[in-house]
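Below, chain A is the first sequence line, B the second, and so on; all start at residue 1.
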Number of protein chains: 2
Amino acid sequence: MSFMNFSKITDYALRILSHIAKDSEKVYWANDFCCKLDIPFRYLRKLLTILSKVDLLYNPQEKVRGYQLSRNPNSIQFIYIVKATGDDIIEQKCFFGYQQCPLNNPCGMYYKWKKISKGLISTLESTNS
Amino acid sequence: MSFMNFSKITDYALRILSHIAKDSEKVYWANDFCCKLDIPFRYLRKLLTILSKVDLLYNPQEKVRGYQLSRNPNSIQFIYIVKATGDDIIEQKCFFGYQQCPLNNPCGMYYKWKKISKGLISTLESTNS
DNA sequence: AGTAAATAATACCAAGAGGTGTCATTTATG
DNA sequence: CATAAATGACACCTCTTGGTATTATTTACT
């Protein structure tokens with residue numbers, strides 16, 4: 001059922017970081033995201049913790065609440081967010097789902113599929129807010 | 001975790017139908033697919049029944065075992081197989097996973113994403129074996 | 001007729017993703 | 001100091017997908 005879509009957690013992470021990037025000086029609280037970004041509150045809180053741990057977000061000063069981007073928004077590629085939240089298996093499987101092609105030579109889908117996934121990856125690499 | 005990949009059932013269906021297309025005159029049995037296509041036998045059997053019901057496969061003569069394509073392989077687009085096995089939600093969500101864009105105007109990702117998914121869809125539509 | 005092989009139908013099981021509840025900890029503020 | 005608000009940690013629940021087991025039915029073959 002999930003096809004050409006990111007997992008929920010990746011979607012949510014992209015929403016959050018894009019939202020923060022709009023005003024990267026501000027310190028955000030969980031409440032700031034909850035309603036606007038349509039993410040269940042408890043799940044959001046869990047996700048924010050995860051994003052802090054992979055160093056995408058941080059608490060701006062020790063012992064102060066809230067979140068900010070951990071670096072310049074222009075330096076955070078979408079591909080990094082996607083990988084950080086688990087969707088890191090791009091290109092690993094062939095079109096037919098085999099871990100490695102059971103044929104000796106690439107099948108007819110190989111180049112078509114390669115082209116599509118390359119296009120997506122380059123888009124994710126070139127996008128940062 | 002599932003990103004730029006079809007669901008298992010779609011993968012399997014594509015494997016099966018592509019395999020049959022190699023010799024569309026032959027009558028295939030479940031056993032013919034099992035090992036070659038790396039699909040668990042019980043699951044394969046269930047899937048074959050599904051593919052019969054959506055009219056991709058059929059039992060060639062009433063009261064005869066086995067499966068054949070229900071039509072000319074050249075007329076079965078990959079997109080049809082993908083949709084028949086449930087992965088039919090292409091293009092329905094925006095890049096950020098919203099069911100509909102919460103902005104009034106398309107966001108910056110809209111056209112990039114559209115381009116990618118259009119590319120995939122046209123590939124699936126133009127591929128039939 | 002009897003048996004084996006293939007399929008249908010159905011229920012069940014397992015794992016992972018998405019989501020919730022609860023409690024403890026930390027800091028700001030009165 | 002006491003309280004409220006925000007966060008962290010952790011256990012737990014639910015739903016879907018992928019996969020298995022069981023039984024019944026149908027047909028070919030002897």
Side-chain angles (χ1 to χ4, degrees), chain A residues 1-3 5-16 26-35 37-68 82 84-89 93 96-99, chain B residues 1-3 5-16 20 26-35 37-68 70 82 84-89 93 96-99:
Chain A
M1 288 299 195
S2 52
F3 173 52
N5 281 291
F6 300 101
S7 60
K8 280 278 181 193
I9 197 170
T10 298
D11 275 339
Y12 291 164
L14 288 167
R15 291 182 199 179
I16 291 169
K26 184 179 169 188
V27 176
Y28 292 84
W29 290 337
N31 263 327
D32 293 330
F33 307 115
C34 185
C35 306
L37 304 183
D38 193 26
I39 307 175
F41 187 66
R42 304 278 180 196
Y43 196 71
L44 169 67
R45 290 261 315 284
K46 191 194 286 189
L47 178 51
L48 289 171
T49 302
I50 293 171
L51 294 177
S52 299
K53 285 187 178 167
V54 296
D55 210 33
L56 275 166
L57 295 178
Y58 83 127
N59 293 45
Q61 296 154 17
E62 208 69 25
K63 305 182 179 177
V64 168
R65 296 299 149 75
Y67 304 94
Q68 276 187 318
V82 170
T85 48
D87 281 332
D88 58 349
I89 49 174
K93 291 183 182 174
F96 291 99
Y98 293 109
Q99 284 291 350
Chain B
M1 287 299 196
S2 52
F3 172 54
N5 281 291
F6 301 100
S7 60
K8 279 278 181 194
I9 197 170
T10 298
D11 275 338
Y12 291 164
L14 288 167
R15 291 182 200 179
I16 292 168
I20 293 183
K26 183 180 170 187
V27 176
Y28 291 85
W29 289 337
N31 264 326
D32 293 329
F33 307 115
C34 184
C35 305
L37 304 183
D38 193 26
I39 307 174
F41 187 66
R42 304 277 181 193
Y43 197 70
L44 168 68
R45 290 266 312 287
K46 190 196 284 188
L47 178 51
L48 289 171
T49 302
I50 292 171
L51 294 176
S52 299
K53 285 188 178 166
V54 298
D55 210 32
L56 275 166
L57 296 178
Y58 83 127
N59 293 47
Q61 297 155 18
E62 207 69 26
K63 305 181 181 179
V64 169
R65 293 301 148 76
Y67 303 94
Q68 276 187 319
S70 58
V82 171
T85 49
D87 281 332
D88 58 348
I89 50 175
K93 290 183 181 174
F96 291 99
Y98 293 109
Q99 284 291 351

Calculate the interatomic distance between [X] atom [atom1] and [N] atom [atom2]; express it in whole Å.
X: B/Arg15; N: D/dG18; atom1: CZ; atom2: P; value: 12 Å
X: A/Arg45; N: C/dT26; atom1: CZ; atom2: C1'; value: 13 Å
X: B/Tyr58; N: C/dA8; atom1: OH; atom2: P; value: 15 Å
X: B/Leu44; N: C/dA8; atom1: CG; atom2: P; value: 11 Å
X: B/Trp29; N: C/dA4; atom1: CH2; atom2: P; value: 17 Å
X: B/Ile16; N: C/dT7; atom1: CD1; atom2: P; value: 12 Å
X: A/Phe41; N: C/dT22; atom1: CZ; atom2: P; value: 15 Å
X: B/Ile50; N: C/dT7; atom1: CD1; atom2: P; value: 15 Å

The side chain of [X] is closest to which nucleotide in this list: [options]?
X: A/Lys8; options: D/dA21, C/dG18, C/dT20; value: C/dG18
X: A/Ser7; options: C/dG18, C/dT20, D/dG18; value: C/dG18
X: B/Tyr67; options: C/dA8, D/dT7, C/dT20; value: C/dA8
X: A/Arg65; options: D/dA5, D/dT20, C/dT20; value: D/dA5
X: B/Asn31; options: D/dT20, C/dT20, C/dA6; value: C/dA6
X: B/Lys46; options: C/dG21, C/dA11, C/dT7; value: C/dA11
X: A/Lys53; options: D/dG8, C/dT20, D/dA9; value: D/dA9

Has [X] got a side-chain N or O lying under 4.0 Å from the OP1 or OP2 atom of [N]?
X: B/Thr49; N: C/dA8; answer: yes
X: B/Tyr12; N: D/dG19; answer: yes
X: A/Tyr28; N: D/dA6; answer: no
X: A/Tyr43; N: C/dG21; answer: no

Please give me the minimum heavy-atom distance between [X] and [Y], naming the atom from each residue.
X: B/Gly66; Y: B/Trp29; answer: CA-CD1, 3.3 Å
X: A/Ala84; Y: A/Leu56; answer: CB-CD1, 4.1 Å
X: A/Leu44; Y: A/Ile16; answer: CD1-CD1, 3.6 Å

Can B/Thr49 and B/Ser52 be counted as having a side-chain donor-acceptor contact under 3.5 angstrom?
->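 On atom types as modelled, these side chains do not qualify, holding no pair under 3.5 Å.
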In degrees, rounded to 10°, what is the bend between the two ends of the helix from C/dA1-D/dT30 to C/dG30-D/dC1, using five pairs at each?
->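 The value is 10°.
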For the residue pair B/Tyr43 and B/Tyr12, categorise the inter-ring angle as parallel (less than 30°), tilted (30 to 60°) or perpendicular (more than 60°).
->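 Aromatic pair B/Tyr43/B/Tyr12 classed perpendicular.
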Please lay out, stage by stage, how B/Ile20 and B/Lys26 fare under the test side-chain contact (heavy atoms from CB on, under 4.5 Å).
-> CA-CA 8 Å; B/Ile20 293 183; B/Lys26 183 180 170 187; over 6 Å; no
Are the aromatic ring centres of B/Tyr67 and B/Tyr58 under 6.0 angstrom apart?
->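 No - the distance between ring centres of B/Tyr67 and B/Tyr58 does not fall below the 6.0 Å cut-off.
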B/Tyr98 six-ring face occupied by A/Arg15 cation (under 6.0 Å, within 45°) |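 Flagged: A/Arg15 positioned over aromatic ring of B/Tyr98.
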